[in-house]
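Here the structure is a predicted model, which means the values were calculated and not measured.
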Amino acid sequence: VCGCTTSVTQVTVGPVVSRISAFAFQHYAKDFYAAYKKLEGDPRFSPARLTLLAQAIELGAKSLHVHQGKKNTDLK
């Protein structure tokens, strides 16, 4: 767990359970956004660039969600 330990979410994939803090989600969002900015492609349409940007936005939103102490079941 990185950063604040009071706001964490539990992620389960198969037998692996991981607790991730809001800070970690924010850090990952910045990594995806930096990769988006570095990747050059056709400015009209680039699925790879759009995927990186979408992932950055999703992780940024998840960071806020976890920081507020909400659970995955609160998502609608």
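Rounded to the nearest 0.5 angstrom, His67 NE2 and Gln26 CD are separated by 9.5 Å. Atom CZ in Phe25 sits 9.5 Å away from atom NE2 in His65 (nearest 0.5 Å). Atoms OG and CZ, from Ser63 and Phe23 in turn, are 9.5 Å apart once rounded to the nearest 0.5 Å. Note: Arg49 CZ to Leu53 CG = 8.0 Å, rounded to the nearest 0.5 Å. Distance check, rounded to the nearest 0.5 Å: CG of Leu52 to CD1 of Ile57 gives 11.0 Å.
Annotation for Ala48 and Leu39: closest pair CB-CD2, 3.7 Å, computed over non-hydrogen atoms. In terms of heavy atoms, Ala29 sits closest to Leu59 at CB-CB, 3.7 Å.
In this structure Tyr36 satisfies the ring pair (Phe, Tyr, Trp, His ring centres under 6.0 Å) test together with Tyr33, sequence neighbours excluded. Looking at residues two or more places apart in sequence or on another chain, you find a side chain to side chain contact (heavy atoms under 4.5 Å, CB included) between Val13 and Val11.
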